[in-house]
Amino acid sequence: MIIFYPSLYLAVPLFMFVMVAQASILPYFPLLGFVPQAGLLVALSWGLLRGVEEGAWWGFLAGLAIDLFSYGPFGVSAAILVLVVVIATYLQEVVVTERYVLPSLLAMGATLFYYTMYALMGRILGYETVFVVGDDLLTVLFLHGFLIMPVYWTLYGIERALWPQSVEL
């Protein structure tokens, strides 16, 4: 049985906006020489906030949006982002929930895993892929570790506004 989450009504237009911005605006303003993977950061943030099931759906939608704007193998980003978000969300559930350092560490690990799996799957499917190594890889990891915080806290505010927590006295 497929469970449909109301947050998916937010996810589709959000990812289309994020991916259009990533494809058309962000390349003109690279940070430390790189364009961040905004879809990865948004899907990961939502998964950390709302749990494995919603995170997996958001990862799938983010991956489809990434695939629509890339010339890589279609569906690979969707499959990898589902796996990345599910693993990161499970890791967050195992570790004590902490909203300041843990999202950054998980974003760095998720970025490393995403790029590794994407390069591997691209090679298996016969596409030319370039894997970022050395100082460039560290730069991308720290960039995503830093950038997830504003994304995470923005989505945290949206999530609290749309689904307020009940308070008991």
Q | Chi angles and distances behind the side chain to side chain contact (heavy atoms under 4.5 Å, CB included) call for Ile158, Leu14 | A | CA-CA 12 Å; Ile158 291 170; Leu14 179 65; over 6 Å; no
Taking distance alone, no hydrogens or angles, what donor-acceptor pairs closer than 3.5 Å link side-chain atoms of residues 36-44 to residues at least two apart or in another chain?
none

Non-hydrogen atoms of [X] and [Y] that approach each other most closely:
{"X": "Pro27", "Y": "Pro30", "value": "O-CD, 3.6 Å"}
{"X": "Leu102", "Y": "Gln92", "value": "CD2-CG, 3.8 Å"}
{"X": "Gly145", "Y": "Ser104", "value": "O-OG, 2.8 Å"}
{"X": "Tyr100", "Y": "Met149", "value": "O-CE, 3.4 Å"}
{"X": "Pro103", "Y": "Ile148", "value": "O-CG2, 3.6 Å"}
{"X": "Leu48", "Y": "Ala88", "value": "CD2-O, 4.0 Å"}

Q: Could you list the residues that satisfy ring-ring contact (aromatic ring centres under 6.0 Å, His included) with Tyr156, not counting sequence neighbours?
A: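 Here the qualifying residues are Trp153.
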Q.
Could you check whether atom CZ of Phe146 has more than 12 heavy atoms from other residues, nucleotides or ligands sitting under 6.0 Å from it?
A.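 At most 12 heavy atoms, drawn from other residues, nucleotides or ligands, come within 6.0 Å of this atom.
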Q: Tell me, yes or no, whether the heavy-atom count around Phe74 atom CZ, taken from other residues, nucleotides or ligands under 6.0 Å, exceeds 12.
A: yes
Can you name the residues that form a side chain to side chain contact (heavy atoms under 4.5 Å, CB included) with [X], not counting sequence neighbours?
{"X": "Ile124", "value": "Leu120, Met121"}
{"X": "Val94", "value": "none"}
{"X": "Thr89", "value": "Val52, Val85, Glu93"}

**Q.** All side-chain hydrogen bond (donor to acceptor under 3.5 Å, both in side chains) counterparts of Thr111, not counting sequence neighbours
**A.**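 side-chain hydrogen bond (donor to acceptor under 3.5 Å, both in side chains) list for Thr111, sorted by chain: His144.
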(Q) Is the shortest side-chain heavy-atom distance between Val151 and Val18 below 4.5 Å? (A) no
Q. Could you give all pairs that pass the side chain to side chain donor-acceptor pair (under 3.5 Å) test and reach residues 38-49, with sequence neighbours left out?
A.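 Applying side chain to side chain donor-acceptor pair (under 3.5 Å) to every pair that reaches into residues 38-49, excluding sequence neighbours, yields Trp46-Glu54.
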Tell me whether [Y] is reachable from [X] by hopping between hydrophobic residues (I, L, V, M, F, W, Y) whose side-chain heavy atoms are closer than 4.5 Å.
{"X": "Leu137", "Y": "Val35", "result": "no"}
{"X": "Val12", "Y": "Met19", "result": "yes"}
{"X": "Leu91", "Y": "Trp58", "result": "yes"}

(Q) Apply the hydrophobic cluster definition, ILVMFWY joined by side-chain contacts under 4.5 Å directly or through others, and give me every member besides Ile25. (A)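 Once heavy-atom contacts under 4.5 Å are chained together, Ile25 belongs with Tyr28, Phe29.
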Q) Tell me the salt bridge (Lys or Arg N to Asp or Glu O under 4.0 Å) pairs involving residues 144-162, sequence neighbours left out? A)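 For residues 144-162: Arg50-Glu159.
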Using residues 75-83 as the side-chain source, report each donor-acceptor pair under 3.5 Å to any protein atom, sequence neighbours left out, with the distance given to one decimal.
residue: Ser77; atom: OG; partner: Asp67; partner atom: OD1; Å: 3.1
residue: Ser77; atom: OG; partner: Tyr114; partner atom: OH; Å: 3.1

Measure the spacing between [atom1] of [X] and [atom2] of [Y] and express it to the nearest 0.5 Å.
{"X": "Thr139", "Y": "Leu31", "atom1": "OG1", "atom2": "CG", "value": "11.5 Å"}
{"X": "Met16", "Y": "Leu64", "atom1": "CE", "atom2": "CG", "value": "8.0 Å"}
{"X": "Phe15", "Y": "Leu61", "atom1": "CZ", "atom2": "CG", "value": "6.5 Å"}
{"X": "Leu105", "Y": "Leu141", "atom1": "CG", "atom2": "CG", "value": "11.0 Å"}

